[in-house]
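Only heavy atoms go into these numbers, but all of them, side chains included; no hydrogens, no water, no symmetry mates. Computed from a prediction, not measured in an experiment: that's the story for all the values here. Proteins get letters first, then strands, A, B, ... in listed order; numbering begins at 1 in each.
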There are 2 protein chains.
Amino acid sequence: MNERGKPSEVRISDLALELGLTKGTVSRALNGYEDISKKTRQRVTEVARILGYVPTTQARRLAMGLTETVGLVLPPMPSQPVNTFVSEFIDSISAALNIHGYDLLVHSVNSEESEVDQYQRLVHSRKVDGFIILRTLEVDPRVDYLLKEGFPFVTHGRTARMAEHDWFDIDGEKAFRDATSHLVKLGHQRIGFVGGGNEFFSAQLRLKGYRNIMEETYDNKISSLEQPGNLTGLGGETAARNLLKQNPCPTAILCANDATALGVIKAARELGFRIPQQLSVIGYDGIALGGYLDPPLTTLTFSIDASGREIVAMLLRRLKEPGLPVISKLASATLKLRGSEGPPT
Amino acid sequence: MNERGKPSEVRISDLALELGLTKGTVSRALNGYEDISKKTRQRVTEVARILGYVPTTQARRLAMGLTETVGLVLPPMPSQPVNTFVSEFIDSISAALNIHGYDLLVHSVNSEESEVDQYQRLVHSRKVDGFIILRTLEVDPRVDYLLKEGFPFVTHGRTARMAEHDWFDIDGEKAFRDATSHLVKLGHQRIGFVGGGNEFFSAQLRLKGYRNIMEETYDNKISSLEQPGNLTGLGGETAARNLLKQNPCPTAILCANDATALGVIKAARELGFRIPQQLSVIGYDGIALGGYLDPPLTTLTFSIDASGREIVAMLLRRLKEPGLPVISKLASATLKLRGSEGPPT
DNA sequence: TACAATACCGAAACCGGTTTCGTTTATTTT
DNA sequence: AAAATAAACGAAACCGGTTTCGGTATTGTA
């Protein structure tokens, strides 16, 4: 069947020769053009099936002037990643893209180039039709670049320029209002918050949701209860130590993500706090591993798969109709009570 | 610069026109052919730079008859993934591939097709030059198919046919000999083992390493101490309950991976066991999250990044020289003591 | 100064498809 | 039966590059 290495492949010209037709005719027959007789179309299809003909993607895409490929440039990961979001997200979007005949091209930034350089090369070499952008910053150079080029993309997360581009996001503000309210109802008064870097728009919104409820409930806001973090476990540890050495110290801590929460819990334990009796902790992300902690981590969760599918749908719509006005969608997170929070003592 | 949407791109014909040369000459000039005068080559390069010419990847690849793309078909993930291996691995291999001008194409299996169908379509549509295969089975249909087609690939993990294909693997047998020996030295006699499904070759090897030491040390092997699992947390829970209801019950449990270990710890806690005082637990994978457990999970760890780079190097070598004899590499895991094991009481 | 060798570039085929535009044959229409 | 229309396919251009081959102009050799 095949000799040394590559399988012996059938080209459209082979098919044409076999059928006694020209390759143009064969092409149109296979693509269902009406100007080819039904009889011929069936004959072509049948012989194509028998010979195992499959069109070469590269050639088809070149001729049609499209790539049918979407790019995903992986944002630099923390050295100790604890979140499975990226792999689940990739799984989701590649499945959704494949259904529509699109491919997913994954790049990562090597140390020598900037992230924007990476996008630039993908755009200019025409490897992709559009991008999906993860972990948006308030002022995001990737977004700036693609908007300048007029190149299609959808972000997961909002930016300062969200009115100008398509985006999908989880309503982190509402999520943290919910979580804060929950703690308030449990009777907590001193509720701490460990955020992410200010450059992340999402982290700002989560902080905003927390503040909403705190100000609404206790009228004044206590800024010493707000600690910056960096969305990693180590950041959480540091922040927790700052919070827990205060007097009076918080009886609950909200964390901008689960990794932070893990750090907070670790530090709290080391300081002798029992959870949730002496300290309630709530995270954000819904990592599966949180369910295996003792006590299991209460967190805000959302469907990664649904997010991925929605984003792909938005991007494909954009590619099909470039003229469309900006589209966006805000989904909501669910408070998943698992046991790391309770009434204060 | 650009009008509505796509950036205005420069083709090689535009360059040729601008330079007063033919596109063939321009192409050879840019690719450093010696039969173009040095003066001309420099002039072409300069003008190309000024006009911002970047060759269209699709066209170049079609002309050269290669795809410069490597495929990765994501194996179906557990519904509650706890391991960041996949995203770290993707990050690693995409970076390594990009350096050499290769792209990474990620597909995932939708429910309607079998995994092999997915490979078949990628092969026949000529979208990739080779594959990287994850989570090998002892009898692996993906391997069978690609060997039959003579299509290049490298596996992460061994298979029954490992003599016929390139592979990279972690020496799980040695890893579990090390872990078992460690427990023996601590004084444990009844050491349990929770494995993975028998279809996974790696799980078998880990079991083998455990048995090696058990038979060598205690002469007889106690099969009731060996519990099957499925490499998930739930599997670990079930297995742990089976082990811990025995009398006498094990004082230590080795787990085929960290997810299993999480389940084992959860079940043990629910049964009232204190860790590591009453039960030592050791996992495998080195997930970062294990460091945040209480106590932190002792585990066998290895460098995902190094694995990815090595596998890419192997695959690229294979693509360059198809005639090469089978290449393989066995790397070793390191026992990372973090506190979930100790001497028996 | 005539002739061969060399350097340098143009012309054209090619990769494997798609699509436009004619042309031929078959079918209607009058 | 002649003319108009429709049906079905062939021919060729095209997508944007690469590569082979051949022809001139220039240089080197005798």
Side-chain angles (χ1 to χ4, degrees), chain A residues 6-45 47-48 51-69 101 103 123-129, chain B residues 6-45 47-48 51-69 101 103 123-129:
Chain A
K6 312 286 174 158
S8 69
E9 298 289 359
V10 184
R11 303 290 124 108
I12 198 173
S13 53
D14 304 329
L15 240 188
L17 200 65
E18 176 73 24
L19 284 158
L21 298 171
T22 64
K23 59 177 191 172
T25 304
V26 172
S27 172
R28 278 171 302 158
L30 290 174
N31 291 315
Y33 277 57
E34 289 296 336
D35 68 341
I36 303 294
S37 75
K38 194 161 190 176
K39 199 193 307 174
T40 307
R41 268 185 283 167
Q42 291 180 336
R43 195 166 67 93
V44 172
T45 309
V47 175
L51 268 60
Y53 168 74
V54 178
T56 300
T57 311
Q58 302 261 16
R60 203 176 53 80
R61 288 178 176 169
L62 173 61
M64 298 178 64
L66 37 80
T67 72
E68 292 177 328
T69 300
D103 290 321
V123 167
H124 285 136
S125 58
R126 272 157 246 108
K127 285 186 179 177
V128 300
D129 290 331
Chain B
K6 311 286 172 155
S8 68
E9 298 290 358
V10 184
R11 303 288 121 108
I12 198 172
S13 53
D14 304 328
L15 240 188
L17 199 66
E18 177 73 24
L19 285 158
L21 298 170
T22 64
K23 60 177 189 171
T25 304
V26 172
S27 173
R28 278 171 301 160
L30 289 175
N31 290 315
Y33 276 58
E34 288 297 336
D35 67 342
I36 303 294
S37 74
K38 193 160 189 175
K39 200 194 306 173
T40 308
R41 268 184 285 168
Q42 290 181 337
R43 195 167 65 94
V44 172
T45 309
V47 176
L51 267 59
Y53 168 75
V54 178
T56 301
T57 311
Q58 302 262 17
R60 203 176 54 81
R61 288 177 176 168
L62 173 61
M64 298 178 64
L66 36 81
T67 72
E68 294 177 325
T69 300
D103 289 322
V123 167
H124 286 135
S125 58
R126 270 159 246 106
K127 285 186 178 177
V128 300
D129 290 331

Pair D35(B)-R28(B), side-chain contact (heavy atoms from CB on, under 4.5 Å): steps then yes or no: CA-CA 8 Å; D35(B) 67 342; R28(B) 278 171 301 160; 3.2 Å; yes
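Rounded to an integer number of Å, the gap from CG of L21(A) to P of dA12(D) is 17 Å. Rounded to whole Å, the distance from CD1 on I12(A) to C1' on dC14(C) is 16 Å. If you measure from atom CG of L15(B) to atom C1' of dT18(D), you get 15 Å, rounded to the nearest angstrom. Rounding to whole angstrom units, CZ of residue R11(A) and P of dG16(C) are separated by 5 Å. One interatomic measurement links the two molecules: CG of D14(A) to C1' of dG16(C), which rounds to 10 Å at whole-angstrom precision. Spacing between atom CD1 of I36(B) and atom P of dT18(D) amounts to 13 Å, rounded to whole angstrom units. The distance from atom CE of M64(A) to atom P of dT20(C) is 11 Å, rounded to the nearest whole Å. In this structure, the NZ atom of K39(B) is 12 Å from the C1' atom of dT26(D), given to the nearest Å.
Closest heavy-atom contact between Y53(A) and V10(A): CD1-O, 3.3 Å. E68(B) and D129(B) make their closest contact through N-OD2, 2.7 Å (heavy atoms, listed as atom of the first residue, atom of the second, distance). Closest approach of L30(B) to T45(B), counting heavy atoms only: CD2-CA, 4.2 Å.
When the nucleotides dC9(C), dT18(C), dC9(D) are ranked by their closest atom to the side chain of D35(B), dC9(C) comes out on top. Of the candidates dC9(C), dG17(D), dG16(C), dG16(C) carries the atom nearest the L62(B) side chain, counting heavy atoms from C-beta on. You'll find that the side chain of T56(A) is closest to dG16(C), out of dG10(C), dG17(D), dG16(C). In the set dG16(C), dG16(D), dT19(C), the nucleotide with an atom closest to the side chain of Y33(A) is dT19(C). Out of dT18(C), dG17(D), dA8(D), the shortest distance to the side chain of T40(A) is found at dA8(D). In the set dC9(D), dG10(C), dT18(D), the nucleotide with an atom closest to the side chain of T25(B) is dG10(C).
Between S37(B) and the phosphate of dC9(C), there is a side-chain N or O to OP1/OP2 separation shorter than 4.0 Å. Distances shorter than 4.0 Å separate none of the side-chain N or O atoms of Y53(A) from OP1 or OP2 on dG16(C). Residue T22(A) has no polar side-chain atom (N or O) positioned under 4.0 Å from OP1 or OP2 of dC9(D).
Remark on DNA chain C: of its neighbouring residues K23(B) and E34(B), the 5'-side contact belongs to E34(B), judged by nearest-heavy-atom nucleotide. Ranked by how close their nearest DNA chain C nucleotide is to the 5' end, S13(A) and K38(B) are led by K38(B).
For a distance-only test at 3.5 Å, the side chain of R28(B) qualifies as a donor-acceptor partner of the base of dG10(C).
Stretches of at least 3 consecutive Watson-Crick or G-U wobble pairs, with each checked distance under 3.5 Å, appear in DNA chain C as C:1-30 with D:1-30.
As judged by a 4.0 angstrom heavy-atom cut-off over every strand, G24(A) is placed among the base-contacting residues.
For the pair S125(A) and T56(B), the minimum side-chain heavy-atom distance is 4.5 Å or more. Residues T67(B) and K127(B) fail the side-chain proximity criterion, which asks for heavy atoms closer than 4.5 Å.
R60(B) places no side-chain N or O within 3.5 Å of a backbone atom of P55(B) that could act as its donor or acceptor partner.
With K23(A) as reference, I12(A) is the one residue of I12(A), D14(A), L17(A), L15(A) to meet the side chain to side chain contact (heavy atoms under 4.5 Å, CB included) rule.
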